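Comments concern the structure below.
Whatever order the structure lists them in is the order used to number ligands and atoms, beginning at 1. These numbers were taken from a predicted model, which means no experiment stands behind them.
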Amino acid sequence: MAVGSIASSNNVIKMKKIACFVVVILVIFPLTTFAGYTKPTLTKDYYMKTCPRFEEITNNIVTAKQAETPTTAAAVVRVFFHDCMVDGCDASTLVASNHFHGKAERDADINLSLPGDAFDLVTRIKTALELECPGIVSCSDILATSARNLIKMTGGPFYEVPLGRKDGLVSQASRVIGNLALPNMTMTHIIDLFKIKGFTIQEMVALVGAHTIGFSHCSEFSNRIFHYSKTQPVDPKMNPKYAEALKTLCANYTKDPTMAAFNDVMTPGKFDNMYYKNLQRGLGLLATDQAMVDDPRTKPIVELYAANETAFFNDFAKAMLKVSLYEIKTDKDGEIRHRCDSFNNQKGT
Ligand code: HEM
Ligand SMILES: *[C@@H]1O[C@H](CO)[C@@H](O)[C@H](O)[C@H]1NC(C)=O
Ligand SMILES: *[C@@H]1O[C@H](CO)[C@@H](O)[C@H](O)[C@H]1NC(C)=O
Ligand SMILES: *[C@@H]1O[C@H](CO)[C@@H](O)[C@H](O)[C@H]1NC(C)=O
Ligand SMILES: CC(=O)N[C@H]1CO[C@H](CO)[C@@H](O)[C@@H]1O
């Protein structure tokens, strides 16, 4: 359902009528069908009256943090995407494990490498906003807005982020598995993962263009450079000079697992369409990156974005907006967290 489509009072009435009908259907369909039905109305100016300095405070802290630690942008974009793909954009990724909830999303193996800069940024903003307007702004809105601002700040497109998300009440490591793409998956598997969540192949290819910034740890691509197959240690799809450089960089990676390479070797800190151009020259870092230029379902889209940055920016902005609305929480199944790393009721779900 599009944002604001239940905004007019006329439509709200319609919703109520339909809701009665849904109660009957509920007997047959699982509860989630119903929960996802009355989505909250997100608006651009949600905090205009309750926290008028929301945008200003957020942007000041984001700008300072990015200047101080340039790895922040990629970290935040990745954390935001992961958060949205696991149980919706509800800041559940920010919740640390505790003995009531078991392992949280943030501590799932796949997430161990999620950088601390994103958590640090959100904490700083939340602290400032709790002083300015306590209990008003959700952590999920802070994360969505920060990600958008950082994309713009590093040279990418701007898009509106509608506000009014509630923070989730559930975060479990076990929910991460099966929700997120891994570099060793086939293109069919990845396409399916996005399709299940309502994203087209074109939207998927545009979103993965976020790999125009940030890092990947050597363990994520080491098989491509050290033990690709019995006969070929190096993936033949990889540019040989690039492979040599990565082998040097990662020579020690088992002893030092923090070793990492830029996702976009040509313009690592700039949000641009270089990622797609790289794929055409064998400069894709992850196996799944490189596979996008070989698979006939994704190749024409890679070619389009490599040739036309405007087309990439337009599609990326639209797809990110869609990500930012994915399975957002209503009043009842969410809250405004006091701290972004813990639920208000520690003994909750
Ligand atoms: C085919 C699907 C995808 C796969 C297999 C994938 C996999 C990965 C892996 C393995 C890393 C390196 C993590 C690390 O070593 O710390 C990474 C980094 C990253 N990913 Fe993805 N990803 C995918 C899609 C996306 C999407 C859709 C976005 C955002 C819209 C995204 C944003 C990022 C960013 C920004 C980084 C850099 C993080 C940093 O520098 O801290 N990825 N991705
Ligand atoms: C992919 O990698 C993950 C974690 O590194 C592993 O658990 C999984 O079995 C691998 N999957 C395939 C299909 O190789
Ligand atoms: C390899 O890692 C060890 C342990 O972290 C470190 O002491 C050593 O300097 C590293 N060597 C290289 C060549 O990076
Ligand atoms: C690039 O894409 C934009 C947006 O789709 C389009 O308006 C423009 O005509 C394209 N430019 C070229 C040179 O094809
Ligand atoms: C699935 C995955 O990427 N797991 C990694 C999580 O982080 C640790 C520590 O950096 C790695 O050793 C794992 O391979």
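- Within ligand 1, the atoms closer than 4.0 Å to a non-hydrogen atom of Leu207 are 26 (C), 27 (C), 28 (C), 29 (C), 30 (C), numbered from 1 in the order shown.
- Those atoms of ligand 1 that come under 4.0 Å of a heavy atom in Ala210, given as number and element, are 28 (C), 29 (C), 30 (C), 32 (C), 35 (C).
- No hydrogens or angles considered: a donor-acceptor pair under 3.5 Å links the side chains of Ser138 and Ser140.
- Neither side chain, Asn60 nor Thr63, offers a donor N or O lying under 3.5 Å from an acceptor on the other.
- Considering both main-chain and side-chain atoms, His211 comes within under 3.5 Å of ligand 1 through a nitrogen or oxygen pair.
- Atoms of ligand 2 found under 4.0 Å from any heavy atom of Asn184, numbered from 1 in the order shown, are 1 (C), 2 (O), 3 (C), 8 (C), 10 (C), 11 (N), 12 (C), 14 (O).
- Qualifying ring pair (Phe, Tyr, Trp, His ring centres under 6.0 Å) partners for Tyr228, counting only residues two or more places apart in sequence or in other chains: none.
- Shown in contact with Ala75 at under 4.0 Å from a heavy atom are these atoms of ligand 1, numbered in order with element: 41 (O).
- Within ligand 1, counting atoms from 1 as listed, the ones closer than 4.0 Å to a heavy atom of Ser216 are 11 (C), 12 (C), 15 (O).
- When only modelled atom types and interatomic distance are considered, Ser92 and Asp87 share no side-chain donor-acceptor pair under 3.5 Å.
- Residues Tyr275 and Tyr305 form no side-chain contact, since every pair of their non-hydrogen atoms from C-beta on lies 4.5 Å or further apart.
- The side-chain hydrogen bond (donor to acceptor under 3.5 Å, both in side chains) search around Gln290 returns none, not counting sequence neighbours.
- With a 4.5 Å cut-off on side-chain heavy atoms, Ile336 and Ile136 do not count as touching.
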List, for ligand 4, each N/O atom that has a protein N/O partner under 3.5 Å away, with both atom names and the distance.
{"from": "ligand 4", "atom 1": "2 (O)", "to": "Asn308", "atom 2": "OD1", "distance (Å)": "3.3"}
{"from": "ligand 4", "atom 1": "2 (O)", "to": "Asn308", "atom 2": "ND2", "distance (Å)": "2.4"}
{"from": "ligand 4", "atom 1": "11 (N)", "to": "Asn308", "atom 2": "ND2", "distance (Å)": "2.9"}

Output side-chain donor-acceptor pairs under 3.5 Å for residues 146-153, partner residues at least two apart or in another chain, one line each.
{"from": "Ser146", "atom 1": "OG", "to": "Ile142", "atom 2": "O", "distance (Å)": "2.7"}
{"from": "Arg148", "atom 1": "NH1", "to": "Tyr159", "atom 2": "O", "distance (Å)": "2.8"}
{"from": "Asn149", "atom 1": "ND2", "to": "Asn59", "atom 2": "OD1", "distance (Å)": "3.0"}

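- Of the N or O atoms in Asn263, none lie within a sub-3.5 Å distance of an N or O in ligand 1.
- For ligand 1, the atoms closer than 4.0 angstrom to any heavy atom of Thr288 are 5 (C).
- Of all heavy-atom pairs between Met187 and Met292, the closest is CE-CG, 3.5 Å.
- In this structure, Leu182 counts as a contact residue of ligand 1, since one of its heavy atoms falls inside 4.0 Å of the ligand.
- Evaluated by nearest non-hydrogen atom to atom 27 (C) of ligand 1, the leading choice among Phe271, Phe81, Phe80, Phe215 is Phe81.
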Next item on the list: Would you sort out whether Thr71 and Thr69 count as a side chain to side chain donor-acceptor pair (under 3.5 Å), showing the intermediate values?
Entry: CA-CA 5 Å; Thr71 49; Thr69 319; 5.7 Å; no
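- Near Gly214, with a cut-off below 4.0 Å to any heavy atom, the atoms of ligand 1 are 37 (C), 40 (O).
- Using a 4.0 Å cut-off between heavy atoms, Glu220 contacts ligand 1 through its side chain alone, with no backbone atom that close.
- Of all atoms in ligand 1, numbered sequentially from 1 with element shown, those under 4.0 Å from a heavy atom of Ile190 are 1 (C).
- At a heavy-atom cutoff of 4.0 Å, ligand 1 is contacted by no atom of Val323, backbone or side chain.
- Side-chain contact between Val122 and Leu94: present, with at least one pair of heavy atoms (C-beta onward) separated by less than 4.5 Å.
- If you chain together hydrophobic residues whose side chains sit under 4.5 Å apart, Ile213 and Phe158 never meet in one group.
- At least one side-chain heavy atom of Leu180 sits under 4.5 Å from a side-chain heavy atom of Val86.
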